[in-house]
Asks: 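A single structure is presented below for examination.
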Number of protein chains: 4
Amino acid sequence: MARTVNEEKRLERRKRILEEAVVLFAESGYSNTTTALIAKNIGVTSGTIFQYFPTKETLFHAAVLEPLEDIQKKSLAMLQQDESPAALIKNMVEEQFNHIYSYTNELRLVQSVLGQRIRFPELTQQVLDSIKVMTDTIECVYAKGQSLGEFNPGFSPAMISRSYISFLNGVALTLGEDIVHHPEWENLKAHAYYLFAPVQHSTN
Amino acid sequence: MARTVNEEKRLERRKRILEEAVVLFAESGYSNTTTALIAKNIGVTSGTIFQYFPTKETLFHAAVLEPLEDIQKKSLAMLQQDESPAALIKNMVEEQFNHIYSYTNELRLVQSVLGQRIRFPELTQQVLDSIKVMTDTIECVYAKGQSLGEFNPGFSPAMISRSYISFLNGVALTLGEDIVHHPEWENLKAHAYYLFAPVQHSTN
Amino acid sequence: MARTVNEEKRLERRKRILEEAVVLFAESGYSNTTTALIAKNIGVTSGTIFQYFPTKETLFHAAVLEPLEDIQKKSLAMLQQDESPAALIKNMVEEQFNHIYSYTNELRLVQSVLGQRIRFPELTQQVLDSIKVMTDTIECVYAKGQSLGEFNPGFSPAMISRSYISFLNGVALTLGEDIVHHPEWENLKAHAYYLFAPVQHSTN
Amino acid sequence: MARTVNEEKRLERRKRILEEAVVLFAESGYSNTTTALIAKNIGVTSGTIFQYFPTKETLFHAAVLEPLEDIQKKSLAMLQQDESPAALIKNMVEEQFNHIYSYTNELRLVQSVLGQRIRFPELTQQVLDSIKVMTDTIECVYAKGQSLGEFNPGFSPAMISRSYISFLNGVALTLGEDIVHHPEWENLKAHAYYLFAPVQHSTN
DNA sequence: GATGAATGAGCTTTCATTCAT
DNA sequence: CATGAATGAAAGCTCATTCAT
């Protein structure tokens with residue numbers, strides 16, 4: 001029992017470290033974020049970090065991958081519900097664009113990894129694998145939608161899913177903090193769905 | 001005369017430093033790139049860098065902004081030629097996507113800046129300003145195309161130009177080095193133009 | 001308790017660093033003294049210095065001002081005892097000249113600052129302020145002594161106190177390490193008091 | 001003949017370098033003065049300095065010793081004129097205090113050397129030797145004055161000359177740039193002569 | 001003889017990591 | 001377990017000095 005309480009405390013603290021790491025790594029980059037600052041911001045001392053993560057790099061990996069998995073899981077769950085492909089995709093786009101502000105940091109972290117593949121080769125691979133799971137699923141749903149006449153059959157599903165992921169990342173990258181207050185925000189969101197080339201009557 | 005020769009030599013070397021800096025900063029990020037390595041890679045010693053750029057940060061700024069300006073200039077020139085808006089935009093997309101591999105590093109640098117706005121606030125602003133010039137021009141051409149019936153009139157030009165820039169950056173970011181060897185590369189390129197919602201008869 | 005022990009240890013080490021800094025800065029000057037040498041001489045590694053003083057310059061300031069304050073405090077205390085002005089001044093001169101060898105380095109540091117006012121403007125000001133407190137006090141005591149007929153009334157107290165401080169510093173500067181072994185040392189000390197122009201009968 | 005012209009040019013330039021070196025070394029200290037700045041300030045390039053002085057240290061030695069010798073020569077000449085000892089000393093004090101502002105930098109240089117004997121041992125020795133010549137001469141004149149009843153016979157000439165040199169240096173050190181505008185300046189100058197303990201009737 | 005670009009050793013400062021308490 | 005002082009390698013930057021032009 002006592003064991004469990006300790007276990008919980010440890011997990012709780014680990015989570016706090018990870019949260020703060022995500023914020024700081026995203027804001028300032030890997031090298032410019034010090035383990036001491038992460039520690040200070042959550043009210044522990046510098047040594048404590050290393051009781052939970054053996055190295056700074058390990059912490060970074062966790063800060064990149066763990067939130068990514070959470071996000072993926074949520075999105076994949078949405079795509080496996082019992083609705084028409086077009087509806088599934090529309091929901092996914094809505095969901096991802098509406099909540100984009102709540103995981104800006106996580107996205108930015110992923111992007112910073114992709115931007116430095118040579119420096120983080122292993123991590124990059126894991127990120128790409130994770131993205132691949134996502135695009136594969138979208139591809140699959142999209143193909144089904146095409147066969148049902150919901151999407152323009154002239155486009156390759158592989159390309160479409162790639163396009164969407166690229167667009168999503170590009171939007172998050174080029175628009176800033178206040179991304180959702182951009183005057184064209186609503187139109188941009190609609191255009192994300194337009195990318196899938198929905199056949200008219202089913203879009204409405 | 002002697003003066004000119006020296007001046008040329010200096011410019012030549014400055015260019016070499018900048019080229020190498022672009023590569024290394026893009027590959028490894030600002031902090032993880034040492035000025036000593038840049039020097040070593042071009043066959044000079046560490047002190048030489050600082051004869052051309054007073055600080056590492058100055059070098060970084062130059063490495064980000066100077067190539068960006070070159071690229072912008074080329075693109076803007078293309079958009080001001082004497083052709084129909086649709087043709088201009090199509091050419092621009094073709095050009096940018098075809099040459100994307102030749103300035104992957106430059107793009108990546110820009111992206112790394114945008115990903116760390118807090119750390120490089122001034123530089124970020126300059127990059128955003130530079131991008132704005134680009135989107136404004138595209139917007140302008142696009143609006144003209146709409147009035148000529150070349151593009152779907154239902155979309156906001158501001159949104160469209162933003163979308164395209166986001167897409168371009170997203171593609172460069174999520175696809176790797178061998179971006180152009182991706183099996184969907186050609187389709188992706190076509191989809192970039194599709195983003196502009198060209199009216200059918202002119203797309204073919 | 002544990003807290004107190006740590007606190008004490010820190011203060012102890014801070015003091016050791018400062019002591020060594022005083023010696024080395026005085027012997028070799030600010031620029032020619034490396035923080036690494038200070039560290040090495042007290043048996044710690046280079047980084048440790050910066051746990052106690054954020055920059056080399058901060059350390060220098062502390063090395064100049066803290067001992068100066070100690071010395072001043074002692075001298076001021078002497079001048080506020082319950083004796084005749086002439087006795088107070090005589091004691092002060094005795095004290096300062098007798099102990100001059102024990103704070104040669106501290107004096108030399110102060111002198112090196114005064115010699116480079118442009119380079120250390122803020123520090124210079126603080127040193128001058130500190131000296132002013134000293135001369136003001138001497139002036140005050142001297143004036144009282146004049147009114148009691150202990151000193152020649154023909155001299156301006158402000159000039160006299162300045163003269164003494166100048167003389168003290170000049171002696172420390174032009175005589176070397178073995179200042180107190182100089183054959184004229186005792187006579188010189190007597191002449192320091194002579195500077196105050198004591199009226200004969202009270203000098204003996 | 002052409003030879004001579006070149007020779008003159010060289011000497012002229014050497015002098016310019018030395019002058020600038022005196023100013024900068026005095027203001028900022030040895031280490032903090034760069035050879036490049038000296039060069040720049042007199043309108044030549046960095047390499048030129050080393051055509052006239054093999055190393056920075058050589059230049060420093062020259063900047064300290066050459067002006068010191070000039071000053072000494074002048075003072076010694078004054079002390080060897082055909083007047084009474086008291087008049088000679090009075091003239092010397094007048095002269096040195098009146099012109100103190102014109103060789104503040106030279107004095108400061110000397111003082112900075114004396115403050116760092118360990119760092120410049122050889123140079124220190126030469127400075128001390130130079131000072132010794134001065135004090136010896138003063139001593140000699142003073143002794144003669146004592147035997148003529150011009151000075152209080154109770155003081156050791158060696159001590160008196162030391163005192164005066166110490167006082168002179170101390171005044172220059174503790175008073176700043178605008179030394180001669182100090183409200184007590186005239187009194188201070190008078191006190192410098194008082195140091196020699198002149199017998200009353202000859203002081204006026 | 002003057003130039004000024006290149007050199008490279010040396011400096012201050014940072015920071016991930018360790019470990020005695 | 002948490003602490004936080006100590007470590008020491010590594011980085012950016014400076015600058016006296018050299019030398020080809």
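First the proteins, then the strands, lettered A, B, ... as listed; each starts at 1.
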Asks: Quick check for you: to the nearest 0.5 Å, what is the distance between D:R108 atom CZ and D:L173 atom CG?
Replies: 7.5 Å
Asks: To the nearest Å, give me how far apart NZ (A:K40) and P (F:dT3) are.
Replies: 15 Å
Asks: Which pair of non-hydrogen atoms, one from A:P67 and one from A:A62, has the smallest distance, and what is that distance?
Replies: CD-O, 3.5 Å
Asks: Check B:R16 with B:E19, please: is the shortest side-chain N to carboxylate O separation under 4.0 Å?
Replies: yes
Asks: Kindly write out the residues that satisfy salt bridge (charged side-chain N to carboxylate O under 4.0 Å, His left out) with C:E69, not counting sequence neighbours, or none if the list is empty.
Replies: none
Asks: Nearest to the D:V44 side chain among F:dG4, E:dT3, F:dT7, which nucleotide is it?
Replies: E:dT3
Asks: How many whole angstroms separate atom CD of B:E12 from atom P of E:dA6?
Replies: 12 Å
Asks: Under 4.0 angstrom, heavy atoms only, what part of the nucleic acid is C:Y52 near: base, sugar-phosphate, or nothing?
Replies: sugar-phosphate
Asks: Output every pair passing ring pair (Phe, Tyr, Trp, His ring centres under 6.0 Å) with a member in residues 32-51 of chain B, not counting sequence neighbours, ordered by first then second residue.
Replies: none
Asks: For B:F120, give me all partners under ring-ring contact (aromatic ring centres under 6.0 Å, His included), at least two apart in sequence or on another chain.
Replies: B:Y30, B:F60
Asks: Nearest-Å distance, CZ (A:F25) to P (E:dC15)?
Replies: 13 Å
Asks: Let me know the distance between CD1 of C:I49 and C1' of F:dA9, rounded to the nearest Å.
Replies: 17 Å
Asks: What integer distance in Å separates C:L24:CG from E:dC11:P?
Replies: 13 Å
Asks: Give a yes/no on whether any side-chain N or O of B:R13 is located under 4.0 angstrom from OP1 or OP2 of E:dA6.
Replies: yes
Asks: Within the structure, does a side-chain N or O atom of D:T48 lie under 4.0 Å from either OP1 or OP2 of E:dT3?
Replies: yes
Asks: Are B:V64 and B:F25 side-chain neighbours, meaning at least one heavy-atom pair lies under 4.5 Å?
Replies: no
Asks: I need the full list of side-chain hydrogen bond (donor to acceptor under 3.5 Å, both in side chains) pairs touching residues 51-68 of chain A, with sequence neighbours left out, sorted by first then second residue.
Replies: A:R14-A:E66, A:T55-A:T58
Asks: Could you state the atom-to-atom distance from CD1 of A:I17 to C1' of F:dT3 in whole Å?
Replies: 14 Å
Asks: Starting from P on F:dA5, measure out to CD1 on C:I42 and report it in whole angstrom.
Replies: 15 Å
Asks: Encode nucleotides 14-21 of chain F as B, S and - characters from 5' to 3', where the letter depends on protein heavy atoms closer than 4.0 Å: B to the base, S only to sugar-phosphate, - to neither.
Replies: BSSBB---
Asks: Show me the dot-bracket string of DNA chain F, counting Watson-Crick or G-U pairs under 3.5 Å, with | for pairs to another strand and [ ] for crossing ones.
Replies: .||||||||||||||||||||
Asks: Tell me if a side-chain donor or acceptor on A:R117 pairs with a main-chain N or O of A:L114 at a distance below 3.5 Å.
Replies: yes
Asks: If I take atom CZ in residue C:F53 and atom P in nucleotide F:dA6, what distance separates them, rounded to the nearest angstrom?
Replies: 12 Å
